[in-house]
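Structure, as structure tokens:
Quick note on labels: first sequence line is chain A, next is B, and so on, each numbered from 1.
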Amino acid sequence: DGGITQSPKYLFRKEGQNVTLSCEQNLNHDAMYWYRQDPGQGLRLIYYSQIVNDFQKGDIAEGYSVSREKKESFPLTVTSAQKNPTAFYLCASSIGGEYTEAFFGQGTRLTVV
Amino acid sequence: RKEVEQDPGPFNVPEGATVAFNCTYSNSASQSFFWYRQDCRKEPKLLMSVYSSGNEDGRFTAQLNRASQYISLLIRDSKLSDSATYLCAVNLRAGSYQLTFGKGTKLSVIP
């Protein structure tokens, strides 16, 4: 099955801990993205990557880090510097280029306890 | 003006009704436009791309008005299963891969 896989689906973290969210795609897409969604809010872009070994900050990158060592993988680390990490995190990918639509993984729901 | 703006609703409509949503965008040079559907606590799923000439997929019609900088989504003969939040997404900047999303419009179709 081709698609985007995020894991885990639910994640609980203690305050002060870093946590890494996984995102893997087998669609051979060049571009990958991380969005955050809070209740009643739209999607806000955290980071995006247009090509392997390159990534750019989105609108709310503070407290997050990413890597893009392989085309298929774009993990997101939520660091202890992120003040309000509890949210729904969505990974997406697109073929690349400005006219292409993005497809989403099922999301990871992160709760800080 | 917000970069991408939608009426949050909720829109409560009876089955069989026709309902339309608009989404305004700030940059006249925006290149590509999409509508997504998001069910409660699920990921957004692509519903339609929006082309300059407009496009139709069954009961759904999407249109682009560049002069007034908005896109629209029309749903005819609403079904209970159409109940969801509809998000618009716009690539605001030429040469960028970023999609900027509206906050979504919630639709409830009532029996």
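When the side chains of ILVMFWY residues are joined at heavy-atom separations under 4.5 Å, either directly or via intervening members, A:Val113 and A:Val78 end up in two distinct hydrophobic clusters. Both A:Leu45 and A:Phe88 are assigned to one and the same hydrophobic cluster, defined by single-linkage of ILVMFWY side chains at heavy-atom distances under 4.5 Å. The same ILVMFWY cluster, assembled from side-chain heavy atoms under 4.5 Å apart, contains both A:Val19 and A:Ile60. If you chain together hydrophobic residues whose side chains sit under 4.5 Å apart, B:Leu92 and A:Ile46 never meet in one group.
Taking A:Pro39, A:Gly107, A:Ala102, A:Gly58 one by one and counting their heavy-atom pairs under 4.5 Å with chain B, the maximum is reached by A:Ala102.
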Interface of chain B and chain A, donor-acceptor atom pairs under 3.5 Å:
from, atom 1, to, atom 2, distance (Å)
B:Gln31, OE1, A:Tyr99, OH, 2.8
B:Ser32, OG, A:Glu98, O, 2.6
B:Tyr36, OH, A:Ala102, N, 3.1
B:Tyr36, OH, A:Ala102, O, 2.6
B:Gln38, OE1, A:Gln37, NE2, 3.0
B:Gln38, NE2, A:Gln37, OE1, 2.8
B:Ser49, OG, A:Glu101, OE1, 3.1
B:Asn91, ND2, A:Glu98, O, 3.0
B:Gly95, N, A:Glu98, OE1, 3.1
B:Gly95, N, A:Glu98, OE2, 3.3
B:Tyr97, O, A:Tyr33, OH, 3.0
B:Tyr97, OH, A:Gly97, N, 3.3
B:Gln98, NE2, A:Tyr48, OH, 3.4
B:Leu99, O, A:Tyr35, OH, 2.9
B:Lys103, NZ, A:Gln41, OE1, 3.4

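Hydrophobic cluster membership for B:Ile110: none, as no Ile, Leu, Val, Met, Phe, Trp or Tyr side chain comes under 4.5 Å of it.
Residue A:Leu43 touches chain B through both its backbone and its side chain, counting heavy-atom pairs closer than 4.5 Å. Using a 4.5 Å cut-off between heavy atoms, B:Leu99 contacts chain A through both its backbone and its side chain.
The disulfide (SG to SG under 2.5 Å) pairs that include a residue from residues 83-113 of chain A are A:Cys23-A:Cys91, where partners are two or more places apart or lie in different chains.
The salt bridge (Lys or Arg N to Asp or Glu O under 4.0 Å) search around B:Glu15 returns none, not counting sequence neighbours.
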